[in-house]
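In the text below, chain A, chain B and the rest are named by the order of the sequence lines, each starting its count at 1. Just so we're clear, the structure is a prediction, and the values are computed from it rather than from any experiment.
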There are 2 protein chains.
Amino acid sequence: MEETIKVLVADDHTMFVDGIDSILKDEKDIEVVGRCYDGPSVIEFLKKESADLVLLDVNLPEMNGIEVCKIVNKDFKDTKILAISMFNEESFVTEILNHGAEGYILKNTGREELLTAIRTVNDGKTYFSKDVTQTIMKSLMKSRKASNSTKGFIPKISRREKEVLKLIVEEFTTQEIAKELFISLKTVESHRSSLLAKMNARNTAGLVRITMENKLLD
Amino acid sequence: MEETIKVLVADDHTMFVDGIDSILKDEKDIEVVGRCYDGPSVIEFLKKESADLVLLDVNLPEMNGIEVCKIVNKDFKDTKILAISMFNEESFVTEILNHGAEGYILKNTGREELLTAIRTVNDGKTYFSKDVTQTIMKSLMKSRKASNSTKGFIPKISRREKEVLKLIVEEFTTQEIAKELFISLKTVESHRSSLLAKMNARNTAGLVRITMENKLLD
DNA sequence: ATATAACTAGGGGTATTCCCCCAATAAAAT
DNA sequence: ATTTTATTGGGGGAATACCCCTAGTTATAT
């Protein structure tokens, strides 16, 4: 390896960043070019200087890791993301990987594995901790089950239906929805029954559950 | 300082321990004599070798920091405890301090402050991070004030209520729930209204949304 | 251009939820 | 031992949701 890997460390825990620094400074092929303690700082840094890889804490203040990941992937395509987190939480893992992170390791990862992860991701491959791999497997299993139980998707929900659905989830009654959207009570009822049919739900409880399970309002 | 301070590092996050190690190895008056990744190991270590100070993570697996703290204070009176945690949580702080920890710092503490904390505690004084001091003050101030501001606060939901709630989320009607649980329609209605009150919901939609948001059925 | 879907709205009726009141028994906490 | 909470159950009524039907207008896609 002729060139050094330029690493930007982003974590709000100073001591942790110090630790990473200490670990990486002994490596000839790796150079820590910056340290950030919140999301926006990462973006600011990358606007001024370049980095090959961001060691990115998923749980950052101000702007969380997922948001940062989105922006970096859009505006700084040459910069890779190695996500790092305290928690082996399925939601964190899957979400940040869906937004362009090339790797995900846990903070209980050892020194050697950290170095391996950085070099692997920098080479354009992906790297996951063993535990994380298991988590990903689990979530894949679950999503398969979920999509099976829903019996083939949810048909497209129209713009107006989505507005109604949003208000239903927010505990509005049909009357209140009608007033809010300046339409007739009967129209709202019509949308409601369309939603029940499309989502294959029996009642309001089903509408809300399926909405949350499938994140239909995001 | 003639003698070196013998430090035992106890944290389940390998990378963090590595970081501490890297920071402390440059200091002539401080020596890391051991590394533990769970509570019982700390006790085992102290039975065999001595340490002046344990850098103790509050959230340890197997046996948490408070338990470890109790035992160390009882059986190894010469060993000081410097508690360390990710979270500036009032409950953690007050509880471990009440069980004999001499200091409490956060993981976002910088290198210099860590070294200061270790030397201060080793000298028989106490050391708290600035943030922690504030937290202690706050807890003394409010102590009695109920936590209304906690938006996500949900009173305890009883076993039976949880059963009813589960079936509501699964789109059962009150009648069906009554049959399923072998109780009267009126009893189910009673549970329903208790749930509405406890969860501060207006209707079924709210029950389901709050249930999903807070993962009340896991 | 001509279906297809979306948005609108009504009539009429049943089912369900939500609300108030109440109260006995059992279990758990103080 | 006493209080509180949980679980059970009821009467009655108002509000809401759900279901059947139809149907005109307006986008949108083929």
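Put simply, CG on B:Leu196 is 13 Å from C1' on C:dT16, counting in whole angstrom units. The NZ-P distance, from A:Lys186 to C:dG10, rounds to 9 Å in whole Å. Rounded to whole angstrom, the span from the CD atom of B:Glu189 across to the C1' atom of C:dC20 amounts to 12 Å. Going from atom CD1 of A:Ile157 over to atom P of C:dC7 covers 11 Å, rounded to whole Å. Look at NE2 on A:His191: it is 11 Å from P on C:dA6, rounded to the nearest Å.
Remark: side-chain polar atoms of A:Thr79 are paired, donor with acceptor, to backbone N or O of A:Ala51 under 3.5 angstrom. Judged by distance alone, with hydrogens and angles left aside, the side-chain atoms of B:Thr14 form a donor-acceptor pair with the main-chain N or O of A:Asn108 at under 3.5 Å.
Residue A:Asp75 places its CG atom among more than 12 non-hydrogen atoms of other residues, nucleotides or ligands, all under 6.0 Å distant.
Rounded to a whole angstrom, the distance from the P atom of D:dC21 to that of C:dT8 is 23 Å.
Between B:Arg192 and C:dT17, a side-chain N or O to OP1/OP2 separation shorter than 4.0 Å is present. Within the structure, a side-chain polar atom (N or O) of A:Thr187 is placed less than 4.0 Å from OP1 or OP2 of C:dA9.
A donor-acceptor pair shorter than 3.5 Å cannot be found between the side chains of B:Arg209 and A:Thr211. The closest side-chain donor-acceptor pair between A:Ser85 and A:Lys107, if any, does not fall under 3.5 angstrom. Using a 3.5 Å distance cut-off with no hydrogens or angles, the side chains of B:Thr204 and B:Arg192 do pair a donor with an acceptor.
Distance check, rounded to the nearest 0.5 Å: CG of B:Leu114 to CG of A:Asp18 gives 9.0 Å. Taking CG of B:Leu53 as the start and NZ of B:Lys6 as the end, the distance is 12.0 Å to the nearest 0.5 Å. Atom CG of residue A:Leu216 and atom CD1 of residue A:Ile157 lie 5.0 Å apart, to the nearest 0.5 angstrom.
Note on B:Lys166 versus B:Glu163: no salt bridge recorded, every NZ/NE/NH1/NH2 to OD/OE distance being 4.0 Å or above. Here A:Arg202 pairs with B:Glu176 in a salt bridge; the nearest charged N to carboxylate O distance falls below 4.0 Å.
Residues from residues 166-185 of chain A with heavy atoms under 4.0 angstrom of DNA chain C, sorted by number: A:Ile183, A:Ser184.
When heavy atoms are screened at a 4.0 angstrom cut-off, A:Thr204 is found touching the sugar-phosphate backbone but no base atom.
Considering only the side chain of A:Arg159, C:dC7 comes nearest among C:dC7, C:dA6, C:dC18.
Extent of DNA chain D lying under 4.0 Å from chain A heavy atoms, first and last nucleotide in 5' to 3' order, is D:dT16 to D:dC19.
The rotation axes computed at either terminus of the helix from C:dA9-D:dT22 to C:dT30-D:dA1 lie 70° apart, taking five pairs at each end and rounding to 10 degrees.
Between B:Ser194 and A:Ser190, the residue whose closest nucleotide on DNA chain D is further toward the 5' end is B:Ser194.
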